[in-house]
Number of protein chains: 2
Amino acid sequence: MRGASAARHPVAYEGGVTGTPRGELMQIGQVAERTGLSLRTIRFYEENGLVIPTARSEGGFRLYSENEVARLEVIKRMKPLGFSLEEMQELLTLLADLNAATGDREQLVDRLRMFHEAATARVTALKKELAVAEGFATTLAERLDASR
Amino acid sequence: MRGASAARHPVAYEGGVTGTPRGELMQIGQVAERTGLSLRTIRFYEENGLVIPTARSEGGFRLYSENEVARLEVIKRMKPLGFSLEEMQELLTLLADLNAATGDREQLVDRLRMFHEAATARVTALKKELAVAEGFATTLAERLDASR
DNA sequence: AAACTCGTCCCTCACGTCAGGGTTGGTTGC
DNA sequence: GCAACCAACCCTGACGTGAGGGACGAGTTT
């Protein structure tokens with residue numbers, strides 16, 4: 001059995017002591033476990049250029065570093081905003097570019113502003129949805145009460 | 001041109017004075033206008049047994065009564081709860097059956113309770129999503145601030 | 001004639017699911 | 001000391017799903 005088997009079950013996967021001694025690469029299953037995403041989803045994200053493994057094993061296994069995991073976590077945070085995968089990719093590279101502090105920040109910041117606007121718009125939409133959902137839930141509750 | 005043209009735009013569709021003189025049937029376009037759903041969506045709902053026109057014209061046009069419009073409004077209220085069309089249909093008939101006060105209410109009420117539970121669960125999920133969305137939005141705002 | 005509607009068909013998005021085969025790495029048998 | 005084996009893991013590819021969107025050519029209403 002492989003070392004993975006030890007981490008497969010509830011044996012702690014803590015910082016570098018047992019599991020993956022910092023700097024080591026993990027394969028897709030471990031990434032899925034840590035991010036809560038499905039293997040299929042992670043592969044799908046790759047198909048769409050969102051998260052590309054840093055390496056492949058001899059036999060073709062995807063190998064990821066902490067970097068990719070972080071990227072996936074960001075994506076998870078973006079999801080409720082309802083952006084498409086394409087938009088998420090754009091935003092991710094946009095943020096990276098901004099961090100890289102390359103020349104013409106103007107355009108970048110402009111696009112960032114647009115994303116921010118879209119985000120707040122979506123937030124208000126979500127609030128509205130939530131209100132409707134709550135309303136319907138209480139309607140159901142009343143019906144329940146009525147027919148008791 | 002149909003009388004609809006007047007109502008097509010923000011002319012109020014108020015109680016039976018101008019528009020559709022109570023008791024009259026309307027065709028799909030008018031229903032779409034009133035509910036804010038697309039024609040395609042309404043037809044799609046029919047395909048799935050959710051809302052069936054009370055009648056058809058000689059030539060096959062769908063004709064709806066206020067009843068159907070009400071049903072569509074209920075569906076609209078359900079949507080944020082994330083139920084599938086099948087579940088929505090079930091819930092709709094369930095509510096109708098309950099109103100009809102037929103025999104074995106026990107089972108019906110039980111199912112209703114399940115729906116209510118699902119609804120509240122979904123509400124908490126929505127709240128969580130909203131929180132994440134808000135969090136990300138402020139993250140974006142901070143980035144914007146930082147690169148100003 | 002203009003506006004409206006019909007049914008049919010293919011498209012989208014973000015995955016789920018299934019099939020069939022390959023890889024990894026530890027343990028056995030020789 | 002090394003081939004065989006095994007379980008767990010992973011691969012690609014293809015098709016399915018849910019909830020519609022869009023386009024089309026033809027028919028209907030007004």
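Just so you know, these numbers use all the heavy atoms, side chains as well, and skip hydrogens, waters and symmetry mates. We name chains A, B, ... by the order of the sequence lines, and we start the count at 1 in each one. Here the structure is a predicted model, which is why all the values come from computation and not from measurement.
Listed by chain and number, the residues in a salt bridge (charged side-chain N to carboxylate O under 4.0 Å, His left out) with E58(A) amount to none (sequence neighbours excluded). Shown here are the side chain to side chain contact (heavy atoms under 4.5 Å, CB included) partners of T54(B), two or more places apart in sequence or in another chain: L25(B), S65(B), E68(B).
When the P atom of dA14(C) is taken as reference, atom CD of E46(A) falls 17 Å away, rounded to whole Å. The nearest whole Å value for the distance from the CD1 atom in I42(B) to the P atom in dG21(D) is 10 Å. Between the C1' atom of dC10(D) and the CE atom of M26(A) lies a distance of 16 Å, rounded to the nearest Å. Distance L63(B) CG to dT5(C) C1': 11 Å, rounded to the nearest Å. Look at CG on N48(A): it is 9 Å from P on dC13(C), rounded to the nearest Å. Atom pair Q30(A):CD and dC10(D):C1' shows a separation of 14 Å (rounding to whole Å applied). Spacing between atom CD of E47(B) and atom P of dT17(D) amounts to 15 Å, rounded to whole angstrom units. Separating the CZ atom of R56(B) from the P atom of dG27(D) is a distance of 17 Å, rounded to the nearest angstrom.
Place G59(B) and R43(A) on DNA chain D by their nearest nucleotides, and R43(A) ends up nearer the 5' end.
The shortest distance between the side-chain N/O atoms of K79(A) and the OP1/OP2 oxygens of dC13(C) is not below 4.0 Å. Note on Y45(A): a side-chain N or O is less than 4.0 Å away from OP1 or OP2 of dC15(C). Side-chain nitrogen and oxygen atoms of Q27(A) include at least one within less than 4.0 Å of the OP1 or OP2 phosphate oxygen of dC10(D). An OP1 or OP2 oxygen of dG20(D) is reached within less than 4.0 angstrom by no side-chain nitrogen or oxygen of S38(B).
Considering only side-chain atoms of T41(B), the nucleotide from dG21(D), dT24(C), dC4(C) that sits closest is dG21(D). Nearest nucleotide to the side chain of S57(B), out of dG21(D), dT29(D), dC6(C): dT29(D). Considering only side-chain atoms of I28(A), the nucleotide from dG27(D), dA19(D), dC11(D) that sits closest is dC11(D). For E58(A), counting side-chain heavy atoms from C-beta on, the closest listed nucleotide (dC6(C), dT24(C), dC11(D)) is dT24(C). When distances are taken from the side chain of F61(B) to each of dC6(C), dG21(D), dG22(C), the shortest belongs to dC6(C). When the nucleotides dC11(D), dC6(C), dA14(C) are ranked by their closest atom to the side chain of F44(A), dA14(C) comes out on top.
Looking only at distances, a side-chain donor or acceptor of S57(B) sits under 3.5 Å from a matching main-chain atom of G60(B). Here the side chain of T138(B) pairs no donor or acceptor atom with the backbone of A141(B) at under 3.5 angstrom.
Pairs passing the side chain to side chain donor-acceptor pair (under 3.5 Å) check and including a residue from residues 111-135 of chain A, sequence neighbours excluded, read E90(A)-R111(A), D110(A)-R113(A).
Checking R43(B) against N48(B) by side-chain atom types alone, no donor-acceptor pair falls below 3.5 Å.
Listed in residue order, the members of residues 81-95 of chain A having a heavy atom less than 4.0 Å from DNA chain D come to none.
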Between protein and nucleic acid, restricted to nucleotides 17-20 of chain C and to nitrogen or oxygen atoms under 3.5 Å apart, what atom pairs and distances do you find?
from, atom 1, to, atom 2, distance (Å)
dT17(C), O4, R40(A), NE, 3.1

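Within 6.0 Å of CD on E86(B) lie no more than 12 heavy atoms contributed by other residues, nucleotides or ligands.
Under 4.0 Å is where a charged nitrogen must lie from a carboxylate oxygen, and between R71(B) and E66(B) no such pair does.
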Kindly list each side-chain donor-acceptor pair under 3.5 angstrom involving residues 74-83 of chain A, sequence neighbours excluded, with atom names and distances?
from, atom 1, to, atom 2, distance (Å)
K76(A), NZ, T35(A), O, 2.8
R77(A), NH2, T139(B), OG1, 3.1

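Rounding to the nearest 0.5 Å places CG of L63(B) at 7.0 Å from CD of Q27(B).
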